[in-house]
Structures are given as structure tokens and as C-alpha cells.
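Counting begins at 1 with the first residue of the sequence. For the numbers below, each heavy atom of this structure counts, side chains included, while hydrogens, waters and symmetry mates do not.
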Amino acid sequence: MGVPQAMAALRDKAALVRESLQKSQTITESMVSILGSFDHRLSSLETAMRPTQIRTHSIRRAHENIDKTLKAAEAILGRFDLTRKAEAKILRGPHEDLESYLEAIDQLRSNLQYFTTHKCFKRTSGVITHANNLLTKAISKLEDEFRNLLTNYSKVVEPDRLFDGLPDSLRPSATSPGKRNDSKKDSDNQKNSENAVYTPPTLIPPRVLPLLHNLAQQMVQAGHQQQLFRIYRDTRASVLEQSLRKLGVERLSKDDVQKMQWEVLEAKIGNWIHYMRIAVKLLFAGEKKICDQILAGIDSLRDQCYAEITANSVSVLLSFGEAIAKSKRSPEKLFVLLDMYEIMRELQSEIDYLFGTKSCTEMRESAQSLTKRLAQTAQETFGDFEEAVAKDATKTAVLDGTVHPLTSYVINYVKFLFDYKTTLEQLFQEFEESDTEAQLKTLTKRIMEALQTNLDGKSKQYKDPALTQLFLMNNMHYIVRSVRRSEAKDLLGDDWVQIHRRIVQQHANQYKRISWAKVLQCVTIQGAAPAGGGGILGGDSGSGISRAMVKDRFKNFNAQFEDLHMRQCQWNVPDSELRESLRLAVAEVLLPAYRSFHKRFGQVLPMAESGKNPCKYIKYKPEDLERMLSEFF
């Protein structure tokens with residue numbers, strides 16, 4: 001086969017393809033004709049179906065509207081049904097089932113809201129009126145239920161229950177209220193409340209609090225805030241005041257305070273301190289707790305309620321403190337004033353917390369004012385005490401020269417002051433920011449100086465100058481010893497102590513000089529050496545003394561010693577160490593002198609007085625004098 005054959009085969013295939021294309025074109029044209037016919041028929045069919053479609057759509061919309069109407073009717077009927085059920089529960093009252101009653105009120109309120117927003121119904125206004133009337137009755141019963149619940153569960157708190165809430169050290173069994181401790185250190189333990197645990201009493205059972213809270217919320221929602229306020233305030237305020245009265249709290253005026261005997265007043269002040277602690281830490285704290293729970297979420301009403309519940313009780317307590325602070329000042333009141341100031345300082349943080357709202361501003365400021373006034377009165381009383389010490393004009397002399405009552409009173413006063421050292425420093429800071437310890441040191445020194453000046457004046461009442469010195473020695477020794485054994489030493493310093501110890505020694509030396517100088521002159525050997533011969537007892541002509549002079553010396557010694565013994569055995573040196581020291585100091589001077597004189601002249605005089613009783617002149621042996629000296633003071 002050559003090229004021609006191949007070309008012939010290719011032409012055949014091309015002819016075949018052309019024939020196939022022509023057939024496809026013919027089929028396509030036929031299909032287009034058929035489809036065009038279908039399109040025409042479908043258009044005619046759609047035109048014929050359009051009325052049917054419109055009717056079907058209308059029927060569907062009608063069904064939907066019927067469904068909506070049925071559902072709306074069903075909802076309305078359901079609301080009517082719920083209203084009837086709520087009405088039945090409300091008419092039965094809240095006593096049987098308070099929770100269901102509250103749910104019924106909520107349901108009624110919801111229905112009322114529903115009908116208010118769907119006023120298109122013919123009977124809507126009648127339904128709303130009925131629901132409102134029913135709701136008013138429900139809330140009225142709710143008020144009664146709130147009042148009954150609150151009243152029934154608000155009980156007066158007995159004192160024993162309050163004492164149980166105190167730390168052990170503050171319970172009456174540990175320290176009877178109204179009686180101040182002699183040792184301030186005991187009360188310091190009481191006042192150290194950092195670790196003390198106070199347990200406020202349960203004023204209303206916990207299970208009742210949620211019910212009261214729900215009732216209060218319903219009353220507020222109904223617009224009955226004022227009714228709620230009055231019921232809660234009147235009920236709780238009355239119970240709180242009765243609880244305090246049972247405890248012993250009473251309203252006392254300044255005149256009442258002024259008329260009281262000091263012992264009675266002191267006991268009442270001790271009670272007041274106890275009552276303040278119980279009121280603030282237990283009763284007021286408990287009252288705030290239940291008020292916060294019952295009136296939770298109603299802030300303005302809650303704060304005002306708490307303020308008015310506690311107002312009268314706070315006033316009664318603070319008025320007593322004010323009466324004391326304003327009463328006539330006297331030295332013995334200083335320590336109770338400091339006790340009162342201490343308790344107010346101790347309670348200040350709790351008072352600021354409990355009465356921290358705007359509604360309680362007056363009570364909070366009254367407490368702060370009382371603290372300040374107590375501090376001021378205490379400071380003024382402190383100044384009065386210094387003046388009273390300086391001007392004390394007690395005429396009653398201490399006959400035996402012992403420690404004067406004024407001295408022991410002032411020293412005990414100062415020692416007590418140092419038990420209040422921290423309180424005094426806080427008190428000074430109320431008025432100025434200077435060095436409070438330096439202030440206390442200055443005041444203490446001034447009191448001591450006033451005491452010394454007064455004692456110097458009192459010592460001049462004694463006619464016997466030796467007793468004057470003994471009196472001053474006793475009192476100064478008592479002051480120095482007391483300071484050395486107290487915290488005052490740390491403040492006044494060693495120099496002060498040493499200076500005043502030298503003053504004690506000076507008075508002791510003055511006593512010895514005044515009392516014993518003349519006695520010692522009687523037994524001084526200088527110029528009295530014995531020798532035989534004639535009527536003269538003596539050695540050299542320039543140093544001998546006559547027998548008559550020896551007699552006079554013994555006679556005078558006996559008389560003067562006996563006089564001193566008789567008088568000074570009635571005198572008193574109350575400190576045993578000082579007494580022994582003074583006796584020893586006298587003995588160390590007197591006994592050697594007498595022993596020497598007695599030895600040198602005691603044997604000569606009896607020989608010269610043969611036939612006569614030598615005891616007429618030589619009454620005492622040295623041992624006798626030593627024994628008799630032990631009887632002095």
C-alpha cells in the first residue's frame with residue numbers, strides 16, 4: 001500500500017465523521033422542539049394552578065391564626081387558673097405553709113403584671129382590680145405574719161446567757177462585776193482582748209431568719225417599707241432595752257451621780273465598764289448580725305433600722321459615762337476615770353464598725369466625744385491630785401513619827417498610776433504629740449516634790465526636833481523603798497533614788513546628833529583619867545575630874561538615857577531593816593563610849609563611896625544598855 005491508499009482511507013473516515021455530525025444536529029433540533037413544547041405546556045399548567053395555590057395559602061394562614069388564638073386563650077385561661085389557685089392559698093393565710101403563701105404572692109404579682117400588659121381583653125380591668133385587692137389583703141396578712149414571727153422569736157436575753165458569751169477571765173465567777181481589782185495587773189489580763197473570744201448570743205433562731213428575710217422582701221416589693229421599718233424597729237428595740245435592764249443597766253443623771261456615796265458610785269462604775277463590753281461586743285454585735293440578714297439587700301432601711309433600734313440603749317450607756325466625766329473631780333476618781341477611758345479605747349474599733357454608717361453618725365461621734373471627755377477629766381484630775389498633795393492640811397500629827405497616811409496614800413496612788421502607764425501615755429496623746437514618757441516622768445517628779453514639801457511642813461508640828469528627823473527619815477525611806485520596788489524606778493532613774501537615799505541618811509544622822517549628843521557628853525572620857533589620893537579622882541592635875549563630877553556624869557547619863565528610853569520606845573520605825581540599822585548606828589557610838597567610861601570609873605566610885613549603895617549612880621551595865629536599845633522604836 002502506498003500513499004494513495006492511505007489518503008483514500010483518511011477520506012472515508014472524514015466522511016463518516018461528517019455523517020455522524022449531521023445526525024447529531026438533527027437529533028438536537030428535534031429535542032429543542034420537544035422541550036419548547038414542554039415549556040409552553042408548563043406555563044399553561046402554572047396559570048391554571050395559581051388560584052388553587054392562593055386558596056391553599058389562605059387556608060394555611062387561617063390555621064396558624066387559629067393555633068395562635070387557641071394558645072393565647074389557653075395562656076389566659078392558665079393565668080385565670082393560677083390566679084384562682086393563688087387566691088385559695090392567700091385566703092388560707094400564711095400560718096399553714098409560709099413558703100407556699102409567698103409563692104402565691106409572687107404568682108399573683110406575676111399575673112397582675114401580665115394582665116396589665118394585655119389590656120385588650122374585655123375583662124382585663126376587672127381582673128386587675130380583683131388581683132390588686134387580693135394582693136393588698138395578702139400583704140396585710142404578710143405584715144401580721146412578719147410581726148408575729150419576729151415577736152415570738154425575739155426573746156429577752158438573760159444575763160447568764162450573756163456571761164456565757166464572755167471570755168472565761170471576764171465572767172462573774174472570775175471577777176465580780178462592779179468590784180475593781182486591788183491589783184491592776186489582774187484587770188490587765190481582762191483587758192488584753194487580742195486573743196479573747198466573744199460569742200454573741202443567738203437572738204433569733206437561724207432557721208427563722210430566711211423566712212423573715214423573705215417576708216421583708218415581699219413587704220418592700222409591695223411598697224410597705226415604712227410598715228416593715230416600724231414593726232422591726234419597735235420589736236427589736238424593746239427587746240434590746242429589756243435585755244440591758246435585766247443585766248442591770250439604768251439611766252442615771254449627773255445629779256444622781258453627785259448624790260451617791262463613793263463606794264456605791266465606784267461599784268456602779270465597775271458595773272458600767274462590764275455592761276459596755278457586753279453591750280458592744282455581744283448585744284449590739286448580735287443585733288447588727290440579724291439586722292444584716294433579715295434586711296439584706298435593703299441597705300438604706302437596714303442602716304436606719306439598726307440605728308434606731310440601738311439609739312436609746314447607746315444613749316443610756318453613754319449618758320452615765322458623761323455624768324461621771326462631768327461630775328465633781330476628786331483624786332480617788334482618777335483610776336475609775338482611767339478604767340472608763342480604757343474600755344472606751346478598747347471598744348473604739350468595734351464601735352466604729354458597728355456604727356460606721358451615715359445613719360449611726362451621731363452615736364459614733366457621741367462615743368468618740370465621751371472618750372475625749374474622760375481623757376480630759378482624767379488629766380485635770382491628775383493635776384488636781386498634785387495640787388491636793390501640796391496643799392494637804394491634815395492637822396492630825398503622827399505621834400510616833402511613823403509613815404504619815406498621806407505618804408502611803410500618795411505612794412500607792414503613784415504605784416497605781418504606773419499600772420496604768422500605757423493608758424496614761426495614750427491619754428496624753430489625746431491632746432499633744434510630745435514625748436508622753438517624759439510627760440509622765442515630769443508629773444511624777446512634781447507629785448513627789450509636792451509630797452516632800454508637805455511632809456516638811458508637817459514635821460514642824462513636832463516639838464521634839466529628834467522626832468522631826470525620825471518622822472522625815474521614816475517617810476523618805478518609805479518613798480525611796482516603794483519607788484525602788486515599783487516601775488517608778490525605771491522612770492525616775494537611779495540618780496533620783498540615790499539622791500533620796502542620801503536624804504534618808506541625812507535625817508538619820510540628824511536624829512542621832514540631836515538625840516544622843518548630850519548623852520554621849522556624859523560618858524566622854526576625854527579629860528577624865530582616874531588616879532588615887534585626896535578628894536580628887538584623876539591623874540595629872542590638868543586632866544583629873546572630881547568624884548562629884550563623876551557622880552554627876554553617871555547621874556545625868558542615867559536621867560537622859562531613861563528619858564530617851566521612855567519617849568523613844570513609843571516612837572516607831574516601821575521598816576525592820578531601817579529600825580535595826582538605826583539601833584545599830586546608835587549602839588556603835590553609845591556602847592563603846594559607855595563601856596569605856598564604865599570601865600575606868602565604875603570601879604573607883606564604889607570604893608570612894610564605901611558604905612553607900614553604888615547602884616544609885618551606876619544603874620546600868622553595858623549589857624543592860626544593849627538590851628534596852630533593842631526596845632527603841
Exercise. From F229 CZ over to E308 CD, what is the distance, rounded to the nearest 0.5 angstrom?
Worked result: 3.5 Å

Seminar exercise, completed: To the nearest 0.5 Å, atom SG of C305 lies from atom CD of Q225 at 11.5 Å

Exercise. Is there a donor-acceptor pair closer than 3.5 Å between any side-chain N or O of S253 and the backbone N or O of D256?
Worked result: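 Present.
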
For this session: For the residue pair Q218 and N214, confirm or rule out a side-chain donor-acceptor distance under 3.5 Å.
Result: no

Exercise. Which distance, rounded to the nearest 0.5 Å, do you find between the OH of Y232 and the CG of L295?
Worked result: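 Here the rounded value is 5.5 Å.
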
Exercise. Do T423 side-chain atoms and E342 backbone N/O form a donor-acceptor pair below 3.5 Å?
Worked result: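 No: the side chain of T423 does not pair with the backbone of E342.
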
Exercise. For A311, does its backbone N or O pair with a side-chain atom of S315 as donor and acceptor, under 3.5 Å?
Worked result: no

Exercise. Rounded to the nearest 0.5 Å, how far apart are NE2 of H477 and CG of D575?
Worked result: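 Going from NE2 on H477 over to CG on D575, the span is 4.0 Å.
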
Problem set entry | Audit row: Q242, S238, side chain to side chain donor-acceptor pair (under 3.5 Å) steps and yes/no | CA-CA 6 Å; Q242 289 180 64; S238 174; 3.0 Å; yes

For this session: Given side chain to side chain contact (heavy atoms under 4.5 Å, CB included), test R364 with D352 step by step and report yes or no.
Result: CA-CA 6 Å; R364 186 173 65 254; D352 289 344; 3.7 Å; yes

For this session: Look at atom CD of E380 and say whether more than 12 heavy atoms of other residues, nucleotides or ligands are closer to it than 6.0 Å.
Result: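 Atom CD in E380 is packed in, count exceeds 12.
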
For this session: Please check if the side chain of S482 supplies one atom and the backbone of Y478 the other of a donor-acceptor pair under 3.5 Å.
Result: yes

For this session: Go through the side-chain N and O atoms of E449 and T453 and say whether any donor and acceptor fall under 3.5 Å apart.
Result: no

For this session: Please confirm whether the backbone N or O of H404 pairs with a side-chain atom of N475, one donor and one acceptor, at under 3.5 Å?
Result: yes

For this session: State, to 0.1 Å, how close G321 and M340 come at their nearest heavy-atom pair, and which atoms those are.
Result: CA-CE, 3.6 Å

Exercise. Is atom CZ of R484 surrounded by more than 12 heavy atoms (other residues, nucleotides or ligands) closer than 6.0 Å?
Worked result: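 For R484, atom CZ is not crowded (no more than 12 foreign heavy atoms under 6.0 Å).
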
Problem set entry | Residues T377 and K333: side-chain donor-acceptor under 3.5 angstrom |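 No, no side-chain donor-acceptor pair sits under 3.5 Å.
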
Exercise. Would you call D299-R302 a salt bridge at under 4.0 Å N-O?
Worked result: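 Counted as a salt bridge, because a side-chain N and a carboxylate O are separated by less than 4.0 Å.
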
Exercise. Could you go step by step and tell me if E322 and S369 meet the side chain to side chain contact (heavy atoms under 4.5 Å, CB included) rule?
Worked result: CA-CA 9 Å; E322 288 285 348; S369 173; 4.2 Å; yes

Exercise. Between E425 and K421, is there a salt bridge with N-O shorter than 4.0 Å?
Worked result: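 Salt bridge flag = yes for E425 with K421.
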
Problem set entry | Under 3.5 Å: donor-acceptor pair, side chain of N454, backbone of V389 |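 Checked: pair present.
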
Exercise. Between R236 and Y306, does a side chain to side chain contact (heavy atoms under 4.5 Å, CB included) hold up when you go through it step by step?
Worked result: CA-CA 9 Å; R236 290 306 310 165; Y306 179 73; over 6 Å; no

Exercise. Where do N474 and F471 land on the side chain to side chain contact (heavy atoms under 4.5 Å, CB included) test, with the steps shown first?
Worked result: CA-CA 5 Å; N474 276 331; F471 171 78; 5.9 Å; no

Exercise. Atom CG in L283, atom OG in S313: separation rounded to 0.5 Å?
Worked result: 8.0 Å

For this session: State yes or no: are the ring centers of F335 and Y413 separated by less than 6.0 Å?
Result: yes

Problem set entry | Distance, nearest 0.5 Å, that separates CG of L318 from CD1 of I351 |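 So the CG of L318 and the CD1 of I351 are separated by 7.0 Å.
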
